[in-house]
Amino acid sequence: MATERYNHRETEPKWQAFWNKAKSFESKEDSTRPKYYVLEMFPYPSGRIHMGHVRNYTMGDVIARFRRACGYNVLHPMGWDAFGMPAENAAIERGVHPKSWTYENIATMRGQLKSMGLSLDWSREFATCDPSYYMHEQAMFIDFMKAGLVERRVSLVNWDPVDQTVLANEQVIDGKGWRSGAAVEKRELAQWFLKITAYADDLLSALDHLPDWPEKVRLMQKNWIGRSEGMTFTFELEDESGKKLNEGLTVYTTRHDTIFGASFCAVSADHPLSKRLAESNQALADFRKEVAALGTSEENIERAEKRGCALGIYARHPFSKGVRLPVYAANFVLMGYGEGALFGCPAHDQRDIEFAIKYSLPIIPVVAPRGVDPATFEITTEPYVEKDDDQSVLINSEFLNGMSVTDAKAEVAKRFEAAGIGKRTINFRLRDWGVSRQRYWGCPIPVVHCKTCGIVPVPKSELPVQLPDDVKFDKPGNPLSHHPTWKNVNCPSCGGKAERETDTFDTFIDSSWYFARFTSPADKEPVNAAAAKYWLPVDQYIGGVEHAILHLLYSRFYARAMHKTGHLNADEPFASLFTQGMVIHETFKTKDGDWVLPSDAVQVNGAWQHAKTGEALIVGGVEKMSKSKRNVVDPDAIIAAYGADTARWFMLSDTPPERDIEWTEAGAEGSWRFTQRIWRIVNDVAALPMGVLSDAADGLALRRQSHRSVAAIADDLNNLRFNRAIARIYELSNAITSALADKDSLLKSDTLQGAVTEATQFLVLLMAPMMPHLAEECWGLLGNFSAVVDTPWPQALDRFVTVDEVTVAIQVNGKRRDEILVPKGIDRAILEGKVMQLENIKRALEGKQVKKLVIVPDRVVNIVVGD
RNA sequence: GCGGGCGUGGCGUAAUGGUAGCCGCAACGGACUUAAAAUCCGUUGGGAGAAAUCCCGUGCCGGUUCGAGUCCGGCCGCCCGCACCA
C-alpha cells in the first residue's frame, strides 16, 4: 500500500495553531478538579534555545500533557529570567541596548519553544526585566526591610574584577566568578544582605520533609548550610611580661574536650585584633598583605602551607594556671566562620599539627583509643582524629581523664558556663546572601540615601523604580552610577536632596519567586493569595542539578521570607524536584587542539579525519554541548529536518532522564523512522474494518497486551521513567505490526480486527504526551472527531490487566533447568507433580537426592538436591 | 581530605532478592527492486554441540540466602559535590 510519508512540516504548525486557537493550555483555578503545577526552570534569553532546553521542556511537557489527560487541572507556564550580565556584555561589545537585545532574544526563543509544540499557557508569560514584574520585587524588598530580613553593612566581599561586581558566596566556584571565570578578589564594600542565616536551622531541618527531592540535592544543601554544634568561649589575654590585658580573645570550637591539648591560639589575618596590632607591628602588617594577596582560589589554598605571625600576646589557659598559649595571626583561619579565632590542638587536628610542626609548638595527645596505655601514646606527625566518640578516652587532661569525648565535652561546657566565660553555640557555614550588584541590567534596589534621614525606602506608591533607558557603556563600572541625572532625587522622607541607590539586585532574586508570580501574573499584588493557595506548591519542578544550591536554596529562603511578610502562605516552593542530566555529544580536535565540528569528522579505514582537509582528528570524548568545543547541535536544524516530535522522542528514549544523554545522528534517525512507522501502522489500521470488541480467543492476547501497556505506561509516566514508557510503546507497536502481518487471520476475524483497532487507538493516546502532533494527526485518521488533547487517558480493564497464567521457572540448586506455563495460583502439590514430569527436570535429578523444594508462588520452583 | 553516586553485550539500556540482557542503536543474513534508498522478515553475550542441551558470564575478592546484577563487608576504577568551617 502506497501510503504517503508523514509530513511534519505541514502537520506540526497545523496542530500548534489548533491548540493555540482553542486555548487548550490556558488554565484557570477550578476547585472541582485536582490541580497539578508543572514547572521547568525558566530560561535565560541568551539568544537561541539549546538541546538542554529541548530535553528539559520536553520532560515537563510530557508530564503536563499526561496529567492533563488524567483529569488534572494543569498549570504549565513559561517566562524569562531576563536580567543579567550577558545583555550588558552585548551592549559593551556590539553597542546593542541590553533591553532590545534581551527582548529580541525572547522573541526568537519564544518562537523556537512554540515550534516544539509545548503545552504551555503562554497567556501567563512574563520576563523578569518587565517593570510590571520587578516592581513587585521592589515592593517585597521594602516589606523584607520592615520585617528585619534586610541588612546593609560593610563587609569583605567577593569582587569579580572582570564583571566589576560583587558575587555571593554561592556564586564563587573554586575561587572564580561563576560567570566570568575570573579569580575573585576580596574587597570591603557596603552591601545589602538578605538574612538567609535567620532561616539556617529551618532550611536545614525542613529538608527532611522533602521526600520527593533527590537525596543528592538535599545532601548538598545540608552540607552547604553546614550546621555544627560547639562552644564559644573567651580566653584572658596577657602581654609578654605576663600583664593581663583589658580585652579577651573569643574563639569558637567544636572540640572543647581537647582544651588540655591546646598549645596555641590563632586568629584570622582580618581579625580586629590582628588589624589593630598591625598598626604597630611591621612584620604583622606585611603578613596581612601577603595573606590578602594569596587570594581564595582553590590551588592557592591547597598549596599554601600553614603560616602565621606571632602577635606577641598570650592567652591564659582557662583551667591550667600558669599555662599560656601564644597567639598568632594565621593564614588558615577564616574571618567569616565562627569568631574568626580558634585554639589549636595539634594532636587532634590536621591543620593544627602542620602549624605546630612549623613553629615547634607542643603536641600534647589528650584523646587516645580506648585500651591504649596513655603513658606510651605518642603523636608526632599525624593527628589522631577518632571516628567514633565512644571508642576513645581522654588522657593528660586532669579532671577529664578517663571520660569519653562526649562526656568530656559536656563537662567542659558545664564548667565554662558556670564560670561565665563561654556558652554552647551552634554555628553555620551558611552566610547571609549579599544581593548588591554594581550592574545596570538588573532590578534597581528601591532605596534612597539621604544625608539627613539615612537610608529611606522608596514609597510603594512610587514603584517601580524604573531603569533609565539612556545609559552608556563607555567606561567600566556601573552605568547607573555614571548616569547624569537618574540618581538625583528628593528624599521621600524630608524632601531634601538625596541619591538613589545605584546597585541592582542579584538576578537570583528574580528567579526566587517567579514560580509564585506565575499563579497570578497580572495581579496588582506580587502574588494573589487565592491563586497561590490553589496552585502552590509546584507539584513537579524540573531543571539542571547545577542549581542544587544557588537557585533552589534561595527560592526556599524566599518562600519563607514571603511567608513572614504575608505574601505567601507556604514555606516550601517545590513539592517534588527532578534534576535532569545534560545533553552530551562527541567532540573532535586536531593535533593542534582546535575543536572540529562533529559534522566535519569522517571515519576512513577506522581512523577519523577532517572531511574537507583530510587532516587526522583526535576523538575528544563525549562532553556537554558547548560552543567552545564546537559540539553543539542546533535544535532548529533538528526540528526542521525531522520535526519536533522526533526531537522530543529522541530526548526521552533509551537513557533514564537523570543521566546524561548522548546526542547521536543515528539515534535521531531511529526516532524519525519510528514516527514514520507509527504513521504506516495507523494508515494500515485505518483501512481495516473497525471490527468488534470481545473477549474471543483470537484477539485476546493483543487486548491483554494493549490494556497492560496502558497501565504500565501510566505508572512509568507517574514516576518519570520516560525511557521505560517508550520501550513499552515499541513493544505495543511491535505487537500491532505482527497482527497486521498475518493478513489472512486478520481479514477473517472481526474480533481480531477489533483488538487491532483498539490497540492502535491506545498506541496513539499513549504516545501523545511525547509526540503530540503525530498523535493528533493519527487520531483523526482513525476516525475520531475530537482532538487527542481533549481525550482522556484510556481505561485499562482489570480483566485484561490481571494475569491468569504464569510462567514459572524451574531451578535445580538455583540453576534454571526449565520453565512451565501454569494457571496463576496453582496448588503447590499439583505444580510439584507437573514439575517432576518434565524431561529436563527428570534428567537433572537423575541419581540425586531431593532435599528440599522451595516454591515461590507464580514465580519459581527451586529443587535443592544432594548427591 | 570529607560526602554522594555509578560499574551489565559492540553501544544506550532493562530486570518488586526469583528465567540476566526487555526495548532501541549498530552489525550481519534474507525478501522486495534493473539498482539503490525506504520497507518487511530473521540472527546477534562468550564457548562446546548436528541437535536436545550443557558450561561460563552483571568491575575484583569474600559473606548472607534454597536462590544475589540486586543485600552485607573489603578492594579497584570512573563521575559528581564540598573543601583550611576550628
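Chain A is the first sequence line, chain B the second, and so forth, proteins listed ahead of strands; every chain is numbered from 1.
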Enquirer: In whole angstrom, give me the gap between the P atoms of B:A15 and B:C23.
Expert: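 My reading of the P atoms in B:A15 and B:C23 gives 14 Å.
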Enquirer: Has the side chain of A:K306 got a donor or acceptor that lies under 3.5 Å from a partner of the other kind on the base of B:C84?
Expert: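 Such a pair is found, so the answer is yes.
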Enquirer: Expressed in angstrom and rounded to an integer, what is the separation of A:F722 atom CZ from B:A14 atom P?
Expert: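 It works out to 14 Å between those atoms.
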Enquirer: Report yes if the side chains of A:I826 and A:V806 come closer than 4.5 Å at any heavy-atom pair, otherwise no.
Expert: no
Enquirer: For A:R218 and B:C82, give me the distance from atom CZ to atom P, rounded to whole Å.
Expert: 19 Å
Enquirer: Output the single nucleotide from B:G81, B:G18, B:C82 whose closest atom is nearest the side chain of A:M220.
Expert: B:G81
Enquirer: When we call it a touch if two heavy atoms are under 4.0 Å apart, what does A:V856 touch: a base, just sugar-phosphate, or nothing?
Expert: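 Base, at least one base atom sits under 4.0 Å.
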Enquirer: Return no unless some side-chain N or O of A:K216 is found under 4.0 Å from OP1 or OP2 of B:G4.
Expert: no
Enquirer: Quick check: does any side chain N or O of A:N427 sit under 3.5 Å from a backbone N or O of A:Y337, one acting as donor and the other as acceptor?
Expert: no
Enquirer: Mind calculating the distance between CG (A:D349) and C1' (B:C85) to the nearest angstrom?
Expert: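 Atom CG in A:D349 sits about 11 Å away from atom C1' in B:C85.
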Enquirer: Need one value for A:N862: base, sugar-phosphate or nothing, where a base atom within 4.0 Å counts as base even if backbone is also close, heavy atoms only.
Expert: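 Base: the residue A:N862, judged by heavy atoms under 4.0 Å, touches a nucleobase.
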Enquirer: Can you pull every protein N or O that's under 3.5 Å from an N or O on nucleotides 42-51 of chain B?
Expert:
none

Enquirer: Taking the P atom in each of B:U13 and B:G63, what is the distance between them to the nearest angstrom?
Expert: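 Rounded to whole Å, the distance is 32 Å.
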Enquirer: If you take the centroid of each ring, where Trp contributes its six-membered ring, are A:F235 and A:H317 closer together than 6.0 Å?
Expert: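 When the ring centroids of A:H317 and A:F235 are compared, they turn out to be at least 6.0 Å apart.
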Enquirer: How long is the line joining CG of A:L430 and P of B:A83, in whole Å?
Expert: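 After rounding, the reported distance stands at 12 Å.
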Enquirer: Report which part of the nucleic acid A:D352 touches: base, sugar-phosphate, or nothing (heavy-atom distance under 4.0 Å, all strands).
Expert: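 Nothing, no nucleic acid heavy atom in range.
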Enquirer: Looking at A:N840, I'd like to know whether one of its side-chain N or O atoms comes within less than 4.0 Å of OP1 or OP2 on B:U53.
Expert: yes
Enquirer: Going by an N to O cut-off under 4.0 Å, is there a salt bridge joining A:R218 and A:D208?
Expert: no
Enquirer: Indicate, with yes or no, if the rings of A:Y252 and A:F233 have centres closer together than 6.0 Å.
Expert: no
Enquirer: Does a salt bridge link A:R843 with A:E846, judged by any charged N lying under 4.0 Å from a carboxylate O?
Expert: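 Salt bridge between A:R843 and A:E846, a charged N being under 4.0 Å from a carboxylate O: no.
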Enquirer: Which listed nucleotide (B:G3, B:A83, B:U19) is nearest to the side chain of A:N223?
Expert: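 For A:N223, the side-chain atoms sit closest to B:G3.
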Enquirer: Distance check needed: B:A20 C1' versus A:E819 CD, whole Å only.
Expert: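 To the nearest whole Å, that distance equals 14 Å.
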Enquirer: Roughly how many Å apart are B:G21 and B:A14, using the P atom of each and rounding to a whole number?
Expert: 15 Å
Enquirer: Counting only heavy atoms from other residues, nucleotides and ligands, does the tally under 6.0 Å from NZ of A:K423 exceed 12?
Expert: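 At most 12 heavy atoms, drawn from other residues, nucleotides or ligands, come within 6.0 Å of this atom.
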Enquirer: Quick one: on RNA chain B, does A:A741 or A:G338 contact a more 5' nucleotide (nearest heavy atom)?
Expert: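 Going by which nucleotide is closer to the 5' end, it is A:A741.
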Enquirer: By the side chain to side chain donor-acceptor pair (under 3.5 Å) test, which pairs, at least two apart or in different chains, include something from residues 661-672 of chain A?
Expert: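 Every pair satisfying side chain to side chain donor-acceptor pair (under 3.5 Å) with a residue in residues 661-672 of chain A: A:Y642-A:E665.
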Enquirer: Sequence neighbours left out, what passes side chain to side chain contact (heavy atoms under 4.5 Å, CB included) with A:D270? Give chain and number order.
Expert: A:L156, A:S268, A:R288, A:M335
Enquirer: On a whole-Å scale, what distance lies between the C1' atoms belonging to B:C76 and B:C60?
Expert: 7 Å
Enquirer: If you check the A:Y337 side chain, which of B:C85, B:G18, B:C80 turns out closest?
Expert: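 Of B:C85, B:G18, B:C80, B:C85 is nearest to the side chain of A:Y337.
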Enquirer: What's touching nucleotides 21-25 of chain B from the protein side, N or O pairs under 3.5 Å?
Expert:
residue, atom, partner, partner atom, Å
B:C22, O2', A:E731, OE2, 2.3
B:C22, O2, A:R724, NH1, 3.1
B:G24, OP1, A:N734, ND2, 3.3

Enquirer: Does a side-chain heavy-atom distance below 4.5 Å link A:M770 with A:I729?
Expert: yes
Enquirer: What nucleotide, of B:A14, B:C84, B:C56, holds the atom closest to the side chain of A:K815?
Expert: B:C56
Enquirer: Whether A:R659 contacts B:U13 is assessed here as follows: a side-chain N or O lying under 4.0 Å from the phosphate OP1 or OP2. Is that the case?
Expert: yes
Enquirer: For the C1' atoms, the ones on B:U44 and on B:G9, what distance do you get once it is rounded to whole angstrom?
Expert: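 B:U44 and B:G9 have their C1' atoms separated by 10 Å.
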Enquirer: Check whether any side-chain N or O of A:R680 sits under 4.0 Å from OP1 or OP2 of B:A38, and answer yes or no.
Expert: no
Enquirer: Verify side chain to side chain contact (heavy atoms under 4.5 Å, CB included) between A:T655 and A:R55, making sure each step is shown before the conclusion.
Expert: CA-CA 12 Å; A:T655 305; A:R55 192 177 193 202; 4.2 Å; yes
Enquirer: Going by modelled atom types, is there a donor-acceptor pair between the base of B:U16 and the side chain of A:R859 at under 3.5 Å?
Expert: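 Counting by modelled atom types and ignoring angles, a donor-acceptor contact under 3.5 Å is found here.
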Enquirer: With the side chain of A:L219 defined as its heavy atoms from C-beta on, choose the nearest nucleotide among B:G3, B:A20, B:C85.
Expert: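 Of the candidates, B:G3 comes closest.
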Enquirer: Side-chain N or O of A:N723 versus OP1/OP2 of B:A14: is the shortest distance under 4.0 Å?
Expert: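 Yes, within the criterion.
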Enquirer: What is the distance, to the nearest angstrom, from the NZ atom on A:K743 to the C1' atom on B:C41?
Expert: 14 Å
Enquirer: Report the relative orientation of the aromatic rings in A:H547 and A:H551; use parallel for angles under 30°, tilted for 30 to 60°, perpendicular for over 60°.
Expert: perpendicular
Enquirer: Relative to each other, are the rings of A:H348 and A:Y384 parallel, tilted or perpendicular (30° and 60° limits)?
Expert: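 Correct class here is perpendicular.
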Enquirer: State, yes or no, whether a side-chain contact exists between A:Q580 and A:M59 at a heavy-atom distance under 4.5 Å.
Expert: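 Touching, per the 4.5 Å side-chain cut-off.
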Enquirer: Taking the P atom of each, how far is B:C55 from B:G69, in whole Å?
Expert: 16 Å
Enquirer: Please measure how far the C1' atom in B:G7 lies from the corresponding atom in B:G59, and state the result in whole Å.
Expert: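 6 Å, rounded to whole Å.
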Enquirer: Counting the atoms with a prime plus P, OP1 and OP2 as sugar-phosphate, which does A:V333 contact under 4.0 Å by heavy atoms, base, sugar-phosphate, or nothing?
Expert: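 Base contact.
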Enquirer: Please report the C-alpha distance between A:S626 and A:N631 in whole Å, then the side-chain angles of each, then the deciding distance to 0.1 Å, and finally whether the side chain to side chain contact (heavy atoms under 4.5 Å, CB included) criterion is met.
Expert: CA-CA 6 Å; A:S626 77; A:N631 64 338; 4.3 Å; yes
Enquirer: Return the value, rounded to whole Å, for the distance between atom CD of A:E215 and atom P of B:C6.
Expert: 11 Å
Enquirer: For A:I855 and A:R828, run side chain to side chain contact (heavy atoms under 4.5 Å, CB included): C-alpha distance rounded to whole Å, both residues' side-chain angles, the deciding distance at 0.1 Å, then the answer.
Expert: CA-CA 8 Å; A:I855 297 179; A:R828 295 169 77 98; 3.6 Å; yes
Enquirer: Stem ranges for RNA chain B, with three or more consecutive Watson-Crick or G-U pairs under 3.5 Å?
Expert: B:1-7 with B:76-82, B:10-12 with B:23-25, B:27-31 with B:39-43, B:45-48 with B:53-56, B:59-63 with B:71-75
Enquirer: Can you pull out the residues from residues 805-814 of chain A that lie within a 4.0 Å heavy-atom distance of RNA chain B?
Expert: A:T807, A:A809, A:Q811
Enquirer: With a 4.0 Å cut-off on heavy atoms, is A:R817 in touch with a base, just the backbone sugar-phosphate, or nothing at all?
Expert: sugar-phosphate
Enquirer: Using only side-chain N and O atoms of A:R429, determine if any of them is under 4.0 Å from OP1 or OP2 of B:A83.
Expert: yes
Enquirer: Cation-pi check for A:W224 against A:R429: NZ or CZ below 6.0 Å from the six-membered ring centre and within 45 degrees of the axis, yes or no?
Expert: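 Because its charged atom sits under 6.0 Å from the ring centre and within 45° of the axis, A:R429 does stack over A:W224.
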Enquirer: Could you tell me the separation between the CD1 atom of A:I584 and the C1' atom of B:C79, rounded to a whole number of Å?
Expert: 11 Å
Enquirer: Using the glycosidic torsion, which applies to B:G9: syn (within 90° of 0) or anti (everything else)?
Expert: syn
